[in-house]
Q: 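First the structure, then my questions, so here it is.
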Amino acid sequence: MEKYFLSIDNGGTNTKIIIFDHHGNELGSQAFPTKDLSPKPGFHELDLVQLRQDVLLNIKQALKKTGLTGEQISAVVTVGHGKGLYVLDQAGEIMMNGILSADSRAKDLAVEFEKKVATVYDHAKQHVMASQAPVLLAWLKKHDPKKYAQIGSVLANKDLMGYFLTGEIKQEIGDASGNHFLDLATGHYDSKLFEFFGIEEMYLKMPPLIKATDVRGKITPEVAKMTGLVTGTPVFGGLFDIDACALATGVLAEDKFSVIAGTWNINTFPSEKTAPLASGLMNSLFPTDKWLVEASSPTSAGNLALMIKLLLEKEVAQAKDKGKTIYDDLEVFLANSDATFTKLIYFPFLYGSNVSTYAKASFLGLDNKTTRSEMIRAVYEGIVFAHYQHLTELLSVAKTAPFVVRISGGATNSKAWVQMFADVFGLPVETVAASELGGLGGALTCAVGLGLYPDFKTACSHMVTVKERFEPNQKQHALYAKKYQIYQALLTALEPVWSKFDER
């Protein structure tokens with residue numbers, strides 16, 4: 001008998017409701033924009049009242065689009081971006097906007113905490129990022145103490161959506177472990193970490209912890225009435241998107257690496273041990289009971305969208321007039337150019353960097369003959385170089401190099417760009433058949449949680465299918481290796497001066 005799972009995947013750009021069967025087939029989806037509110041520079045927020053309304057409305061639309069009824073949905077699961085801050089007041093009501101993971105308001109605090117992180121690294125196995133919930137809570141305590149005092153519960157993004165559906169306030173352990181809340185050795189909240197961030201009051205505001213495959217609650221009658229789902233349908237703990245995409249690409253052990261090239265530049269592999277402090281890497285608990293070692297930064301495909309807007313406004317309009325998109329034209333361009341096309345170097349630091357809190361996006365090598373095509377090609381290459389920097393960081397702690405990289409995110413819409421990843425990495429890169437990988441990762445937790453498959457390895461063997469494999473072109477790899485050396489030499493030269501940008 002067929003089983004159907006409804007996944008709610010709240011990303012930084014779009015939120016999607018996707019329905020899968022237990023074979024991993026995507027039956028249909030419904031999407032709406034995640035409206036990023038920016039009340040001040042560096043602030044990135046989300047209207048949670050609107051989010052709740054949009055999620056419930058679009059669940060109903062997703063069921064209608066796929067021709068399924070609520071009775072046919074065996075389970076529901078939520079997936080969301082990691083980090084950021086989502087809180088409820090002491091009555092369990094929404095009291096402020098959510099804060100997205102792209103937010104940088106607390107970057108100066110993060111720098112100060114990172115200077116002292118060695119004192120607590122043995123507990124959390126984490127470095128400090130400006131978008132982590134404890135850092136944002138410390139910022140809120142300093143800048144809006146009245147609002148800070150109203151907080152009754154601290155949640156992750158997908159846990160808040162789970163609350164919308166069930167009325168149960170619980171936090172999935174993987175998200176909490178990647179957000180500097182847990183002692184990773186015990187898997188419990190650690191009061192020392194709350195003291196470290198100066199938010200001792202929040203220790204007692206943390207919800208009960210659950211696993212991804214635990215039932216967090218059941219669909220309430222109110223939600224059933226608004227969505228068409230059935231009261232009592234189980235809602236599973238779910239995943240933050242990094243875990244979801246790794247699972248959905250079949251990355252379960254150290255022999256494969258996961259690369260997400262989307263809003264963020266995220267690179268991970270499951271490991272038998274945590275990465276040490278000196279590596280600069282992050283560690284979290286993975287649903288397979290391994291550690292997930294992570295190197296990430298906001299230096300990926302989001303840069304491309306903005307640079308296209310800035311550089312190719314006329315070409316975007318022309319493509320639209322022809323019934324195409326600019327990405328159709330860029331695909332032809334990429335396929336017919338290579339590593340020799342441009343000597344420009346681009347640092348993809350529009351939304352943050354992987355070298356300094358203060359580093360800024362930059363083109364180096366411009367002259368009076370530079371073309372916009374050269375600049376766009378450099379943007380593609382710079383984004384891949386930023387991923388490659390993280391990949392080399394992972395390789396420094398891995399037992400051995402992976403035999404393949406599984407890639408997900410918006411970059412997979414371009415075969416030519418995926419080939420560039422393979423050429424720069426010097427490793428085979430594979431895509432998978434599913435287009436909505438966050439949602440598929442959620443569906444995998446439903447399948448395991450319901451007992452349809454005994455574990456994630458078995459579930460992935462039934463639900464994850466490799467779509468295409470890209471072998472590296474060794475001549476292109478050699479050219480990119482030289483260009484990457486220049487990229488790194490320039491970063492080293494600029495390291496002492498990045499902070500000067502904030503002094504102007």
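Excluded from the calculations below are hydrogen atoms, water molecules and symmetry mates; all remaining heavy atoms, backbone and side chain alike, are included. For clarity, every value in this text was computed on a predicted model and none was experimentally measured.
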Q: Do we see a donor-acceptor contact under 3.5 Å between the side chains of Tyr380 and Asn303?
A: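 No - no donor-acceptor pair under 3.5 Å links their side chains.
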Q: Assess, by modelled atom type and distance only, whether the side chains of Gln476 and Asp423 contain a donor and an acceptor separated by less than 3.5 Å.
A: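 The criterion, which ignores hydrogens and geometry beyond distance, is not satisfied for Asp423 and Gln476.
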Q: When you compare the side chain of Lys141 with that of Met202, does any pair of heavy atoms fall below 4.5 Å?
A: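 Side-chain contact under 4.5 Å: no.
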Q: Evaluate the ring planes of Tyr346 and Phe363, with Trp represented by its six-membered ring, and classify them as parallel (under 30°), tilted (30 to 60°) or perpendicular (over 60°).
A: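 Correct class here is tilted.
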Q: Between Gln126 (side chain only) and Ser177 (backbone N and O only), is there a donor and an acceptor less than 3.5 Å apart?
A: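 Side chain of Gln126 to backbone of Ser177: a pair is present.
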Q: Side chain to side chain contact (heavy atoms under 4.5 Å, CB included), that's the test. Do Leu247 and Phe286 meet it? Break it down for me.
A: CA-CA 10 Å; Leu247 290 174; Phe286 197 52; 3.7 Å; yes
Q: Nearest 0.5 angstrom please: Lys83 NZ to Ser296 OG, how far?
A: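 Those atoms lie 5.5 Å apart.
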Q: How about His387 and Ser300: does a side-chain donor come under 3.5 Å of a side-chain acceptor?
A: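 A pair is found: one side chain offers a donor N or O, the other an acceptor, under 3.5 Å apart.
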Q: Looking at Pro287 and Leu239, what are the two nearest heavy atoms and their distance?
A: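 Nearest pair, atom of Pro287 first, then Leu239: CG-CD2, 3.5 Å.
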Q: How close do Ala261 and Phe421 get, counting heavy atoms only, and between which atoms?
A: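 Heavy-atom minimum between the residues: CB-CZ, 3.9 Å.
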Q: Between His390 and Phe257, does the ring-ring contact (aromatic ring centres under 6.0 Å, His included) criterion hold? Intermediate values first, please.
A: CA-CA 11 Å; His390 284 318; Phe257 281 15; over 10 Å; no
Q: Do NZ/NE/NH1/NH2 and the carboxylate oxygens of Lys457 and Asp455 come within less than 4.0 Å?
A: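 Looking at Lys457 and Asp455, the cut-off is not met.
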Q: Work out which heavy atom in Ala246 is nearest to a heavy atom in Thr268; give both atom names and the distance.
A: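 In this case the closest contact between Ala246 and Thr268 is CB-OG1, 4.4 Å.
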Q: Do we see a donor-acceptor contact under 3.5 Å between the side chains of Tyr388 and Asn267?
A: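 There is no such pair between these side chains.
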Q: Side chains of Tyr487 and Gln389: do they bring a donor and an acceptor to under 3.5 Å?
A: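 Their side chains do not contain a donor-acceptor pair, so the 3.5 Å distance test is not met.
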Q: Check whether any side-chain heavy atom of Phe403 lies under 4.5 Å from a side-chain heavy atom of Lys256, and answer yes or no.
A: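 A side-chain contact under 4.5 Å exists here.
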Q: Can you give me the closest heavy-atom contact between Leu334 and Ser414, atom names plus distance?
A: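 Taking every non-hydrogen atom into account, CD1-OG, 3.9 Å.
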Q: Please assess Ile308 against Ile376 for the test side chain to side chain contact (heavy atoms under 4.5 Å, CB included), listing each intermediate value before the final yes or no.
A: CA-CA 7 Å; Ile308 287 172; Ile376 287 294; 4.3 Å; yes
Q: Under 30°, 30 to 60°, or over 60°: which ring-plane class applies to Phe196 and His180, parallel, tilted or perpendicular?
A: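 Ring orientation, 0 to 90° scale: parallel.
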Q: How about Thr15 and Asn10: does a side-chain donor come under 3.5 Å of a side-chain acceptor?
A: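 Indeed, the side chains of Thr15 and Asn10 share at least one donor-acceptor pair under 3.5 Å.
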Q: Without swapping roles, check the side chain of Glu172 against the backbone of Gly174 for a donor-acceptor pair under 3.5 Å.
A: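 Checked: pair present.
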Q: Please check if the side chain of Ser362 supplies one atom and the backbone of Lys360 the other of a donor-acceptor pair under 3.5 Å.
A: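 Yes, the answer is positive, given that a donor and an acceptor are paired below the 3.5 Å cut-off.
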Q: Say you draw a straight line from CG of Leu88 to NZ of Lys205; how long is it, rounded to the nearest 0.5 Å?
A: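 These two atoms lie 12.0 Å from each other.
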Q: Calculate, to the nearest 0.5 Å, the distance between atoms OG1 and CG belonging to Thr445 and Leu440 respectively.
A: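 That separation rounds to 10.0 Å.
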Q: Does a side-chain N-to-carboxylate-O contact under 4.0 Å join Glu195 and Lys192?
A: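 No, this pair does not count.
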Q: Start with the C-alpha gap between Tyr86 and Asp159, add the side-chain angles, then the distance that decides, and say whether side chain to side chain contact (heavy atoms under 4.5 Å, CB included) holds.
A: CA-CA 9 Å; Tyr86 295 84; Asp159 297 312; over 6 Å; no
